[in-house]
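Read the structure below first, then the notes.
Along the sequence shown, the residues carry numbers beginning at 1. Numbering of ligands and ligand atoms starts at 1, following listing order. Quick note: numbers below take in every heavy atom, side chains included, and nothing from hydrogens, waters or symmetry partners.
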Amino acid sequence: MTFERRSFLKLLGAGAGVATAGLAGCATQAASIAAGKRKVVVIGGGYGGTIAAKYIRMMDSSIEVTLIERNDHFVSCPFSNLYLGGILPDLSPLTIKYDKLAANHGIKVVQADVTGIDAAARTVSTSKGVFHYERLVLSPGIDFRTNEIEGYNDKTAEMMPHSWKAGPQTVLLRKQLEAMKPGGTVVLSVPLGPFRCPPGPYERTSMIAMYLKQHKPGSKIVVLDANPNIVSKGPLFKAAWDKHYQGIIDYRPAKKVTAVDNARMEVLVEGIEAVHGDVINLIPPQKAAHIAHVAGVVGEDKKWCPVNQQTFESTVHKGIHVIGDASIAGAMPKSGYSANSEAKICAANVVAMMNGRDLAEISGINTCYSYVTADEAISVAAVYTLAEGKIVGVKGAGGVSPKDFSMAKTEAIYAHSWLKNILTEMST
Ligand SMILES: Cc1cc2nc3c(=O)[nH]c(=O)nc-3n(C[C@H](O)[C@H](O)[C@H](O)COP(=O)(O)OP(=O)(O)OC[C@H]3O[C@@H](n4cnc5c(N)ncnc54)[C@H](O)[C@@H]3O)c2cc1C
């Protein structure tokens with residue numbers, strides 16, 4: 001049995017245990033129902049929120065679940081780099097709707113912007129009214145620490161798109177690449193970690209380099225990485241770049257962009273070294289999405305949300321659980337697959353807590369595939385467990401792709417399958 005299957009079965013076992021446990025929690029449940037309190041609100045219909053909402057309903061259908069999301073659809077960041085590389089013609093294969101999820105599981109989906117959270121009153125204020133909850137699950141993703149980049153203003157993201165939330169920003173960057181003259185320079189800036197999707201900037205570098213090689217002769221991409229080296233799968237990316245994109249990728253480590261000049265189309269490294277780009281993909285440093293700050297669940301670093309790493313309940317405010325990119329989930333990276341694992345264990349424990357039952361422990365999985373050419377991908381995989389209250393990697397489980405790229409074409413097929421499976425799980 002593979003590690004993925006073993007871990008998945010363990011997780012299902014934990015969930016099933018919660019759903020079928022004995023009568024211990026009945027008194028708590030009856031009291032909650034009598035008080036009209038058996039309500040969970042989930043904020044964010046992305047990788048974490050859809051799964052948390054669905055699994056809570058699957059584990060205990062007596063709990064009313066309301067999923068609040070500002071958009072009527074969700075566009076996946078995973079595979080959005082392939083659109084930038086010209087492999088996908090549009091974003092439709094990456095877009096999901098919520099109608100089947102709602103109908104199949106009895107989830108109340110509300111399209112609204114959440115504007116406030118009152119942890120003491122256990123209410124959520126939105127553009128469509130106020131919702132009460134017994135427990136709240138937050139999976140709102142990320143926002144940007146643009147205040148750390150001098151000169152960054154309302155116009156910057158239109159001129160130098162981040163494209164780190166898939167949708168209009170991704171389309172904008174592709175249009176800019178298409179409009180660039182041959183012989184031009186693309187600048188891609190990588191912020192200091194932790195950020196959403198550690199291998200993401202390097203997959204994007206590969207995809208843009210591939211596009212330039214095919215469509216814009218004489219062009220290059222300059223990568224200004226604030227980190228001392230490639231954050232994930234470094235040797236594999238470097239080998240792929242040497243093999244396929246020599247003279248096209250100019251990778252510069254330890255180059256932190258601290259300022260921008262919109263008018264000159266320049267970014268400034270450490271405020272002094274100006275780098276001009278015909279197209280600039282400026283990915284700013286990140287933090288938990290704005291609503292997590294409004295809820296007051298971010299930690300002292302003012303960036304991410306500390307949680308009990310077993311239940312994902314905020315260590316700042318009881319009754320609020322934070323999953324996905326916004327949370328500090330021990331060794332788990334900020335990825336869609338992590339958010340999916342976290343959502344399942346969080347759902348199991350929300351149900352357990354609402355029924356006065358024993359808590360489950362995470363058996364988490366993460367695999368991140370990255371395309372390096374149109375039909376070759378590399379991956380990193382890991383399994384996670386709980387040790388002394390912290391999520392840690394399981395030694396010996398997982399690993400990275402073979403160095404000789406012997407599996408790269410097969411892994412590209414696995415990657416497609418991964419995307420199809422996970423988006424189907426989120427939307428049905
Ligand atoms: C280019 C790129 C490539 C990536 N590739 C991979 C990959 O191959 N594999 C992988 O596992 N991960 C990948 N990721 C990472 C993955 O996209 C994220 O880790 C994942 O989306 C996190 O899930 P989440 O639920 O925390 O946030 P999201 O999926 O971003 O969901 C958050 C949702 O909350 C909503 N929301 C936020 N605030 C509010 C509010 N106030 N009111 C209402 N709604 C709100 C948003 O509209 C959004 O729909 C990639 C990321 C990028 C940028």
Just to be sure I read this right, does ligand 1 sit under 4.0 Å from the backbone of [X], its side chain, both, or neither, counting only heavy atoms?
{"X": "Asn81", "value": "side chain"}
{"X": "Ser80", "value": "side chain"}
{"X": "Ala339", "value": "side chain"}
{"X": "Tyr83", "value": "neither"}
{"X": "His290", "value": "neither"}
{"X": "Asn71", "value": "side chain"}
{"X": "Tyr369", "value": "backbone"}
{"X": "Lys165", "value": "neither"}

Students should be able to answer this: which protein heavy-atom is nearest to [atom], and at what distance?
{"atom": "atom 36 (N) of ligand 1", "value": "Arg70 NH1, 4.0 Å"}
{"atom": "atom 10 (C) of ligand 1", "value": "Gly336 N, 3.3 Å"}
{"atom": "atom 34 (O) of ligand 1", "value": "Gly44 CA, 3.1 Å"}
{"atom": "atom 29 (O) of ligand 1", "value": "Tyr47 N, 3.1 Å"}
{"atom": "atom 41 (N) of ligand 1", "value": "Val114 O, 3.1 Å"}
{"atom": "atom 9 (N) of ligand 1", "value": "Trp418 CH2, 3.5 Å"}
{"atom": "atom 3 (C) of ligand 1", "value": "Cys77 O, 3.5 Å"}
{"atom": "atom 33 (C) of ligand 1", "value": "Glu69 OE1, 3.5 Å"}

So, regarding Asp325 and ligand 1 (criterion: nitrogen or oxygen to nitrogen or oxygen, under 3.5 Å), is there a contact or not? yes

For Cys197 and ligand 1, does the shortest N/O to N/O distance drop below 3.5 Å?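 N/O-N/O distance under 3.5 Å: no.
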
Using distance alone, with no hydrogens and no angle criterion, decide if Glu313 and Asn308 have a side-chain donor and acceptor under 3.5 Å apart.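 Checked: Glu313/Asn308 side chains show no N/O donor-acceptor pair below 3.5 Å.
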
Salt bridge (charged side-chain N to carboxylate O under 4.0 Å, His left out) assessment of Asp225 paired with Lys256: CA-CA 6 Å; Asp225 194 339; Lys256 186 176 169 195; over 6 Å; no

How long is the gap from NE2 on His317 to CG on Leu138, to the nearest 0.5 Å? 11.0 Å

To the closest 0.5 Å, what do you measure between CE (Met332) and OG (Ser335)?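 Between atom CE of Met332 and atom OG of Ser335 there are 6.5 Å.
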
Using a 4.0 Å cut-off to any heavy atom of [X], which atoms of ligand 1 qualify?
{"X": "Arg204", "result": "1 (C)"}
{"X": "Ser139", "result": "24 (P), 25 (O), 26 (O), 31 (O), 32 (C), 33 (C), 34 (O)"}
{"X": "Gly48", "result": "25 (O)"}

Ionic contact status for Glu64 with Lys108, cut-off 4.0 Å: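 Yes, charged N to carboxylate O under 4.0 Å.
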
Run the salt-bridge test on Lys303 and Asp143 with the 4.0 Å N-O cut-off and return the result as yes or no. no

Run the ring pair (Phe, Tyr, Trp, His ring centres under 6.0 Å) test against His105 and tell me which residues pass, sequence neighbours left out.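 None.
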
What residues, two or more places apart in sequence or in another chain, satisfy ring pair (Phe, Tyr, Trp, His ring centres under 6.0 Å) together with His73?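 Testing His73 for ring pair (Phe, Tyr, Trp, His ring centres under 6.0 Å), a comparison that skips the adjacent residues, returns none.
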
Is the His416-Phe79 ring centre distance short of 6.0 angstrom?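 Close enough - the centres of the two rings lie under 6.0 Å apart.
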
Indicate the atoms forming the closest heavy-atom contact of Val275 with Val187, along with that distance.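 Where Val275 meets Val187 most closely, the heavy atoms are CG1-CG2, 3.9 Å.
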
Taking atom NE2 of His215 as the centre, report whether more than 12 heavy atoms of other residues, nucleotides or ligands fall under 6.0 Å from it.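 Yes, enclosed.
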
